[in-house]
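Step one of this worksheet: look at the structure below.
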Amino acid sequence: MDELNQKLITFHKNCRQFIEGCDKLEEAGLWNKEALGEMEAFYLNDMASVVIRLIALDKNISEKEVKYLKESFGFSYTVDELAIVYENSKENLQEYFDEDLSNAVKYLWELDRELADCYQKLLYLICDIIASSDGIVLTMEKKEIERLMAMCKPQ
């Protein structure tokens, strides 16, 4: 099994742990489900948005990136469909997303440090998988991942 597929297995395993942690916080009444929706969906949606933005960063969406997006999140986009999705949501993914992600992660650190650490590691892992999937990790991708990881550190 190649390294990327091994990382994908680790991603899925750790994602299940993250989801279990979200469920526990919801059961304990620490997450406002009525206002924010399902906790796992809230955070995994942000993660998927990060991935889509990372895929489109170099203006070239590859088949392998789309393959790993599908294998990570279950999306069934083609390259052309993902380009349309990105184009239609580009403004939201650029203009307000950083602040929203930063606030969401900060809130997670306040709720449960262990779960926030798990989320940060998941985010890094999926970014690494996607950036590596086309065989070339560009400097701009490395810088974006570093920037995202800095946003996700505890304050």
Side-chain angles (χ1 to χ4, degrees), residues 2-19 21-22 36-155:
D2 71 6
E3 183 180 354
L4 276 180
N5 286 324
Q6 192 62 39
K7 287 180 179 181
L8 188 63
I9 290 168
T10 301
F11 173 80
H12 285 294
K13 178 182 158 242
N14 294 349
C15 198
R16 282 190 299 276
Q17 290 174 334
F18 178 75
I19 291 168
C22 290
L36 300 170
E38 296 280 336
M39 186 177 183
E40 74 183 66
F42 182 90
Y43 283 100
L44 293 179
N45 182 52
D46 277 357
M47 189 179 296
S49 296
V50 165
V51 169
I52 291 170
R53 193 165 82 170
L54 185 63
I55 288 172
L57 184 66
D58 64 358
K59 311 273 191 272
N60 180 35
I61 299 172
S62 76
E63 289 285 342
K64 288 184 178 180
E65 289 169 326
V66 172
K67 172 188 179 243
Y68 280 98
L69 176 68
K70 177 182 181 179
E71 291 180 11
S72 301
F73 295 99
F75 297 146
S76 59
Y77 298 122
T78 64
V79 169
D80 292 337
E81 290 169 339
L82 186 59
I84 292 168
V85 166
Y86 176 75
E87 192 59 38
N88 290 338
S89 59
K90 177 169 56 175
E91 192 173 298
N92 289 335
L93 288 176
Q94 292 174 345
E95 202 166 318
Y96 306 108
F97 186 71
D98 283 355
E99 185 177 341
D100 290 347
L101 177 65
S102 179
N103 289 338
V105 172
K106 180 181 176 184
Y107 185 55
L108 186 55
W109 280 106
E110 292 169 3
L111 284 176
D112 187 304
R113 294 186 73 74
E114 188 176 322
L115 194 59
D117 184 59
C118 179
Y119 185 75
Q120 181 182 14
K121 288 176 182 172
L122 269 175
L123 188 60
Y124 178 79
L125 183 57
I126 192 59
C127 285
D128 181 47
I129 291 168
I130 294 299
S132 302
S133 67
D134 58 5
I136 303 166
V137 181
L138 301 173
T139 301
M140 70 172 66
E141 291 171 323
K142 288 178 187 176
K143 287 182 179 180
E144 178 65 5
I145 293 169
E146 288 171 10
R147 190 182 71 75
L148 287 165
M149 292 304 99
M151 284 175 36
C152 294
K153 288 186 177 178
Q155 305 296 322

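On a predicted model such as this, the values are computed, not experimentally measured, just so you know.
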Spatial distance of atom [atom1] ([X]) from atom [atom2] ([Y]) [nearest 0.5 Å]:
X	Y	atom1	atom2	value
His12	Arg16	NE2	CZ	8.0 Å
Asp58	Thr139	CG	OG1	12.0 Å
Ile19	Glu38	CD1	CD	10.5 Å
Ile129	Phe11	CD1	CZ	6.5 Å
Arg53	Ser89	CZ	OG	11.0 Å
Ile52	Ile130	CD1	CD1	9.5 Å

Show the numbers, then the answer: is there a side-chain contact (heavy atoms from CB on, under 4.5 Å) between Phe97 and Asp46?
CA-CA 9 Å; Phe97 186 71; Asp46 277 357; 3.8 Å; yes
Applying salt bridge (Lys or Arg N to Asp or Glu O under 4.0 Å), which residue pairs with at least one partner in residues 69-83 are found, sequence neighbours left out?
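Matches after skipping sequence neighbours: Lys67-Glu71.
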Whether the side chain of Trp109 engages the backbone of Cys152 through a donor-acceptor N/O pair (distance < 3.5 Å, no angle test) should be reported.
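Side chain of Trp109 to backbone of Cys152: a pair is present.
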Donor-acceptor contact below 3.5 Å, side chain Ser49 vs main chain Asn45
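Yes; judged by distance alone, with no hydrogens or angles, the pair exists.
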Would a 4.5 Å heavy-atom cut-off, applied to side chains only, mark [X] and [Y] as touching?
X	Y	answer
Gln120	Val105	no
Thr10	Lys121	no
Asn103	Glu99	yes
Phe73	Ile126	yes
Leu82	Ile55	yes
Ser62	Val79	no

Minimum-distance pair of heavy atoms, taken over all atoms of [X] and [Y]:
X	Y	answer
Leu8	Ser72	CD1-OG, 3.4 Å
Ile136	Glu141	O-OE1, 3.4 Å
Ser133	Glu65	OG-CG, 3.3 Å
Met39	Leu111	CE-CD1, 4.1 Å
Leu148	Cys127	CD1-SG, 4.3 Å

Between [X] and [Y], does any side-chain N to carboxylate O distance fall below 4.0 Å?
X	Y	answer
Lys143	Glu146	no
Glu3	Lys7	yes
Arg113	Asp117	no

Output, in order, the C-alpha distance, side-chain angles, deciding distance and verdict of side-chain contact (heavy atoms from CB on, under 4.5 Å) for Asn60 and Asp134.
CA-CA 10 Å; Asn60 180 35; Asp134 58 5; 5.6 Å; no
Which residue pairs satisfy the ring pair (Phe, Tyr, Trp, His ring centres under 6.0 Å) criterion with at least one member in residues 41-67, sequence neighbours excluded?
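Of all non-adjacent pairs touching residues 41-67, those that pass ring pair (Phe, Tyr, Trp, His ring centres under 6.0 Å) are Trp31-Phe42, Trp31-Tyr43, Tyr43-Tyr119.
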Results of salt bridge (Lys or Arg N to Asp or Glu O under 4.0 Å) for Asp100 - residues two or more places apart only
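None.
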Using side-chain contact (heavy atoms from CB on, under 4.5 Å), reason through Cys15 and Leu44 one step at a time and then give a plain yes or no.
CA-CA 9 Å; Cys15 198; Leu44 293 179; 3.8 Å; yes
Does Ile145 form a side-chain contact (heavy atoms from CB on, under 4.5 Å) with Val137? I'd like the steps, not just the answer.
CA-CA 11 Å; Ile145 293 169; Val137 181; 5.6 Å; no
Would the number of heavy atoms belonging to other residues, nucleotides or ligands and lying under 6.0 Å from CD of Glu63 be above 12?
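Open: at most 12 neighbouring heavy atoms sit under 6.0 Å from CD of Glu63.
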